[in-house]
Amino acid sequence: MRIVLSVLLGGLVLVGICTANAQAPQDGGKQGPALSLTIRPVKDVVEAGSPVDIEVTATNNSDHEVIYKTWGAMYYLKFDVRNSAGNPAPTRRGRALLLGEGRGPDDMPSGSQSGKLLEPGKSMEFRERVPADIFDLTKPGKYTVQTIQPWTSESLRSNAVTVTVVEGATPYVAPVPVPPISVTIRAVGG
């Protein structure tokens, strides 16, 4: 059984090598990634606990259409956030998702992946928000942020940007949306 398995695995490796050689560029030159990512922070300085928004420019460097994956169940894999010591800055949920520590049913994201089609030679710009439930940016200091395209065959990373987190006068509280209509109920006759 071991011999059959070894021969089978050896054959698969040989087929993989032959396929890779057949698909390699004939001129011997190395092609760059089909997609490139450049980011910049919307604000260089943010208050502790505030959301960190970045502007992303995705450029298709190839001669064919590519898809930039925008969002999905694994959205947290799109970012690499590190503190001034170079260590990842995850929250408790971030540690569960990124490092697998103490993972519970509430830590399992759900949803489907979506993307945007990008024509050859074209660029598009959009905003991304660093997820505060995954990365802890409540402590003052300098943080580096990088976006990653984890669902491609090549390891695609953007440039790294630095954001300074400062202590704010009051902690950030997300605005409560005002409902489009309100209903009041009163008892008649006390």
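All residue numbers in this chain count up from 1 along the given sequence.
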Heavy-atom pair of closest approach, residues Pro90 and Gly94: CB-C, 3.8 Å
Test side chain to side chain contact (heavy atoms under 4.5 Å, CB included) on Leu137 and Tyr143 and set out the steps. CA-CA 8 Å; Leu137 297 168; Tyr143 294 85; 3.5 Å; yes
OG1 of Thr162 to CZ of Arg82: how many Å apart, nearest 0.5 Å? 13.0 Å
Side chains of Val165 and Glu47: does their closest heavy-atom pair fall under 4.5 Å? no
Is there a path of hydrophobic side-chain contacts, each under 4.5 Å between heavy atoms, that joins Val166 and Val163? no
Report yes or no: does Thr138 contribute a side-chain atom to a donor-acceptor pair with the main-chain N or O of Gly49 at less than 3.5 Å? no
Supply the atom-to-atom distance Ile67 CD1 to Leu118 CG, rounded to the nearest 0.5 angstrom. 10.0 Å
Sort and list the pairs that fulfil salt bridge (charged side-chain N to carboxylate O under 4.0 Å, His left out) and have at least one residue in residues 136-145, not counting sequence neighbours. Asp136-Lys139
Distance-minimising heavy-atom pair for Phe79 and Arg129: CZ-O, 3.7 Å
Is there any side chain to side chain donor-acceptor pair (under 3.5 Å) pair reaching into residues 116-126, and which pairs are they, with sequence neighbours excluded? Thr59-Ser123
Between Leu156 and Ile148, is there a side-chain heavy-atom distance shorter than 4.5 Å? no
Taking only distance into account, with no hydrogens and no angle test, what donor-acceptor pairs under 3.5 Å do side-chain atoms of residues 36-46 form with protein atoms, sequence neighbours excluded?
{"residue": "Ser36", "atom": "OG", "partner": "Asn61", "partner atom": "ND2", "Å": "3.3"}
{"residue": "Arg40", "atom": "NE", "partner": "Glu55", "partner atom": "OE1", "Å": "3.3"}
{"residue": "Arg40", "atom": "NH2", "partner": "Glu55", "partner atom": "OE1", "Å": "3.0"}

Return the minimal non-hydrogen interatomic distance between Pro120 and Ser62, and the atom names on each side. CB-O, 3.4 Å
Measure from the side-chain N and O atoms of Thr147 to the backbone N and O of Lys78, and report whether any donor-acceptor pair falls under 3.5 Å. yes
Would Val161 and Thr144 count as a side chain to side chain contact (heavy atoms under 4.5 Å, CB included) if you check the C-alpha gap in whole Å, the side-chain angles of each, and the deciding distance to 0.1 Å? CA-CA 5 Å; Val161 295; Thr144 59; over 6 Å; no
Residue pair Ser158 / Gln146: nearest heavy atoms and the distance that separates them: O-NE2, 2.7 Å
